[in-house]
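What follows is a set of notes on a single structure, which appears directly below.
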Amino acid sequence: MSYNEDDYLQLSGIQHFLFCRRQWALIHIENQWKENFLTTEGNILHEKAHNEGSTESRGSTLIMRGLRVSSSSLGISGQCDVVEFHRDEKGIQLSDHEGTWSVYPIEYKHGSPKPERYDEAQLCAEAMCLEEMLRTEISCGALFYGEVRRRTEVVFSKSLRESVAAAVKEMHEYYSRGYTPKSKTGSWCKSCSLKEVCIPTLMRRRSVEEYVKGALCENS
Ligand code: SF4
């Protein structure tokens with residue numbers, strides 16, 4: 001399957017979608033957005049990393065910031081914080097740079113490494129876009145966390161790639177239907193930038209449901 005460019009979804013939405021499908025739909029379908037300190041801190045880190053389109057050479061490494069990427073097979077587009085190109089005789093050729101290079105994407109994140117794989121999925125989606133655009137294979141990349149200030153390497157395994165493809169497919173299905181799922185509230189909502197928008201709405205819906213259920217019980 002190949003998506004039309006007009007139907008591409010934002011690559012960065014994958015982490016929202018995996019964190020909470022409702023949060024993703026509120027942001028990407030209903031265009032609701034609220035800053036909280038987590039997103040603000042994340043944006044500052046991203047601004048530092050992006051510096052769009054700049055290229056720097058350090059020894060045998062080329063560093064590109066803010067590289068725009070897309071994939072017609074996944075139907076997503078976005079921007080990589082940093083892509084490093086390492087000299088590698090099995091790598092690919094680049095215009096304007098002699099030699100052959102392997103590709104290594106790096107994504108900047110606030111906080112410290114998390115047990116969930118949301119950040120890994122976003123990085124893997126970037127790698128899948130780069131693979132399609134540059135016709136190469138990328139085996140791993142890295143996440144750089146602001147709190148610990150070090151890289152965590154991520155291997156783009158078959159299962160990680162499959163979870164990215166499945167999430168993106170589901171995102172397209174929701175988006176084409178304009179569907180905002182209900183989702184459950186829980187401890188994870190504490191760090192959600194949309195809780196003030198989402199929870200009162202969920203509670204209202206729940207109370208209507210409870211009212212209907214109660215009315216049905218009374219009449220049965
Ligand atoms: S408040 Fe909770 S349920 Fe609502 S969007 Fe945020 S994480 Fe999802």
Side-chain angles (χ1 to χ4, degrees), residues 3 7-47 49-50 74-81 107-126 128-129 143-148 152 154 159-216:
Y3 286 91
D7 298 325
Y8 284 2
L9 297 174
Q10 273 184 41
L11 188 157
S12 58
I14 291 171
Q15 57 179 329
H16 299 138
F17 189 79
L18 294 175
F19 171 69
C20 170
R21 282 154 171 71
R22 179 172 172 79
Q23 189 203 59
W24 171 81
L26 288 170
I27 296 168
H28 296 271
I29 297 177
E30 299 192 17
N31 296 318
Q32 308 269 3
W33 182 242
K34 285 215 177 265
E35 290 281 336
N36 69 2
F37 86 95
L38 288 180
T39 54
T40 308
E41 191 186 342
N43 288 343
I44 291 166
L45 267 176
H46 278 270
E47 273 164 28
H50 268 224
L74 290 169
I76 51 173
S77 64
Q79 200 170 13
C80 297
D81 285 342
E107 185 65 18
Y108 284 66
K109 294 289 176 193
H110 57 72
S112 49
K114 306 166 189 75
E116 301 87 6
R117 305 193 79 191
Y118 315 142
D119 296 341
E120 295 181 20
Q122 186 188 341
L123 182 69
C124 183
E126 288 175 12
M128 289 163 84
C129 289
L143 293 164
F144 181 93
Y145 285 95
E147 200 173 296
V148 293
T152 300
V154 177
S159 66
L160 184 58
R161 289 165 184 273
E162 284 170 356
S163 68
V164 168
V168 172
K169 186 166 178 273
E170 206 179 334
M171 284 158 64
H172 275 288
E173 282 164 11
Y174 287 8
Y175 195 85
S176 61
R177 287 162 53 205
Y179 171 61
T180 302
K182 275 193 212 144
S183 280
K184 285 185 197 149
T185 53
S187 56
W188 55 89
C189 299
K190 275 189 218 144
S191 61
C192 175
S193 51
L194 287 178
K195 59 179 177 287
E196 284 157 33
V197 177
C198 162
I199 292 177
T201 315
L202 266 184
M203 291 306 162
R204 271 201 302 279
R205 282 196 194 165
R206 196 164 290 162
S207 60
V208 170
E209 278 168 23
E210 278 163 9
Y211 170 79
V212 172
K213 263 189 212 152
L216 288 173

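Whatever order the structure lists ligands and atoms in, that order sets their numbers, starting from 1.
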Side chain H16, main chain I27, donor-acceptor under 3.5 Å: no
At a 4.0 Å threshold, what atoms of ligand 1 neighbour a non-hydrogen atom of C198? 1 (S), 3 (S), 4 (Fe), 5 (S)
Per-atom contacts of ligand 1 with Q23, taking only distances under 4.0 Å to non-hydrogen atoms: 5 (S)
Sub-4.0 Å atoms of ligand 1 with respect to non-hydrogen atoms of K195: 1 (S)
So, using side-chain contact (heavy atoms from CB on, under 4.5 Å) as the criterion, who are the partners of A25 when residues are at least two apart? I29, T180, P181
List every atom of ligand 1 that sits less than 4.0 Å from any heavy atom of C192, numbering the atoms from 1 in the order shown and giving each element. 1 (S), 5 (S), 6 (Fe), 7 (S)
H172 side-chain N/O to L9 backbone N/O, donor-acceptor pair under 3.5 Å: no
Is C189 close enough to atom 2 (Fe) of ligand 1 that one of its N, O or S atoms comes in under 2.8 Å? yes
Is it the case that more than 12 heavy atoms not belonging to K169 sit under 6.0 Å from its NZ atom? no
For E170, check side chain to side chain donor-acceptor pair (under 3.5 Å) against everything at least two apart and list the hits. R21, Y174
Numbered in order shown, the ligand 1 atoms found under 4.0 Å of a heavy atom of C20 are 3 (S), 5 (S), 7 (S), 8 (Fe)
